[in-house]
Every structure is written in C-alpha cells, then in structure tokens.
Amino acid sequence: MISNYKLETFITRDEIESKVKELGEKITEDFKGEELFLVGVLKGSWIFMADLVRNIDLPLEVSFISVSSYVGQTTKSSGVVRLLCDIDKPLNDRNVILVEDIVDTGLTLSYLKKLLEVRNPKSFKICALLDKPERRIAEISADYVGFTIPDEFVVGYGLDYNGYFRNLKDISILKLL
Ligand code: 5GP
C-alpha cells in the first residue's frame, strides 16, 4: 500500500456526472440514426465507460482493449505502448468511438488510432474524459473532451496510482510527500 501522500479534490463527483451526461447527449446527437461501437481503453476508462454508455440514447456495443504505457510505481509514462489484450470483434463498417480516461503525452492514443483505423471502421472518433495538453508529445487530440486540466497527476473515477485509488468518486490531485 502507499503511504505519505495527500489527495486534493480537483473535480467533484457532481461535476463529473453533469459532464458525462453532456458528452453522452452530444454523441447521441452527432450519431442520430446510427449504431455505435465503443472501445474502452483498460483499465482507466471502465468507470467512465459505464457512466457514458448510460447517457447515450442509441443502439451500441461495448468492447475493451488493454494497453500498458506506465512501468511500475511511477507517475510518468514510459513512452512505450504495449498491446496487452485486443478487442474481440471486427470494426469494419462500424462507428467506432475510442473511450479513454486521459490524454497525456498522446502516445497511447496515437498508437491505438493507428492500430484501429486500418480495420476500416465507418467512422473513428476519440472521447477522453480528461486532457492534459501541456504534456503532449504526439500530435493527436480527442473529438470529445470532458475536462482540460493542467500538468498534475490525478487519481479517482477509474484512474489509478500503482493500482490504487480507482474507486474514489471524485477526481483528485495526488501529491506524494
Ligand atoms: P499517454 O500515452 O497519453 O501519455 O498516457 C495515457 C495513459 O497514461 C492514460 O490512459 C492513463 O492511464 C495514464 N495517465 C496519464 N496521465 C495520468 C494521470 O494524471 N493520472 C493517472 N492516474 N494516469 C494517467
């Protein structure tokens, strides 16, 4: 377990709830009359995905893909993205929305975009709950963004530090003391 840390609440559960509702409504409007295939990036996006799908009023399917970019006990990305587990269905002729917890350097998303776009989806969009543009290395941006945040390491609502804190209802800044 971790000791010597402080959590500062940054985005409250109420703010998250209304933002996720807003994102779901926007996606519903943009894809009116269509079906969706949402692909969540594990593990950080699973709580966001669960709330997002319940705010989208369209027929949809959900799948998950698992990648790893952080090594051990660190708050910085290694920059090397590895595919741990692929999605279980083909993407051709589907409206794919990749659902990510946070875009930091952008290396994970640009890796996934390249991997999935060649599978001939009808359309391909990215939805990220959080965006840290200050840290961007790869030239990539999400089509749907919940909150743009400064360069701070955040946990909660699915986001972890060394596996912990995913269960927190608010998003907090983690300070290691
Ligand atoms: P990127 O490849 O954009 O640098 O990193 C994306 C992944 O890094 C995210 O899916 C997330 O798992 C992790 N990440 C980036 N910034 C943070 C952060 O502030 N907090 C947590 N918990 N994870 C982060």
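Order of appearance sets the numbers: ligands from 1, and atoms from 1 within every ligand.
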In Thr28, Ile27, Val20, Leu23, the residue satisfying side-chain contact (heavy atoms from CB on, under 4.5 Å) with Asn55 is Val20
Val154: which of Asp101, Ile11, Leu174, Ile102 passes side-chain contact (heavy atoms from CB on, under 4.5 Å):
Ile102
Is the shortest N/O to N/O distance between Gly106 and ligand 1 below 3.5 Å?
yes
N/O of Val154 under 3.5 Å from N/O of ligand 1, yes or no?
yes
For the residue pair Val53 and Ala50, what are the closest heavy atoms and their distance?
CG2-O, 3.5 Å
Can you see which heavy atom on Arg119 is nearest to which on Ile87, and at what distance?
NH1-CG1, 3.6 Å
Go through it in stages, so that I can follow the logic: the residues are Tyr157 and Phe165, the test is ring pair (Phe, Tyr, Trp, His ring centres under 6.0 Å), and I'd like the CA-CA distance, side-chain angles, deciding distance and then a yes or no.
CA-CA 8 Å; Tyr157 195 68; Phe165 304 117; over 10 Å; no
Can you sort out which atoms of ligand 1 are near [X], meaning under 4.0 Å from one of its heavy atoms?
X: Asp160; answer: 21 (C), 22 (N)
X: Glu152; answer: 19 (O)
X: Ile102; answer: 6 (C), 9 (C), 10 (O), 11 (C), 14 (N), 15 (C), 16 (N), 17 (C), 18 (C), 19 (O), 24 (C)
X: Asp101; answer: 9 (C), 10 (O), 11 (C), 12 (O)
X: Glu100; answer: 10 (O)
X: Thr108; answer: 1 (P), 2 (O), 5 (O), 6 (C)

Does the residue [X] have a heavy-atom contact with ligand 1, meaning some pair of atoms that are separated by less than 4.0 Å?
X: Phe153; result: yes
X: Gly44; result: no
X: Arg136; result: no
X: Lys132; result: yes

Decide yes or no for Lys113 and Ile126: does some side-chain heavy atom of the first lie under 4.5 Å from some side-chain heavy atom of the second?
yes
For residues 35-56, pull every pair meeting salt bridge (Lys or Arg N to Asp or Glu O under 4.0 Å), keeping only residues two or more places apart or in separate chains.
Asp51-Arg54
Give the intermediate values and the outcome of side chain to side chain contact (heavy atoms under 4.5 Å, CB included) for residues Asn95 and Leu60.
CA-CA 9 Å; Asn95 294 302; Leu60 60 81; over 6 Å; no
Check Arg135 against ligand 1 and report side chain, backbone, both or neither, counting heavy atoms closer than 4.0 Å.
neither
Give a yes or no on whether a salt bridge exists between Lys6 and Glu8, defined as a side-chain N under 4.0 angstrom from a carboxylate O.
yes
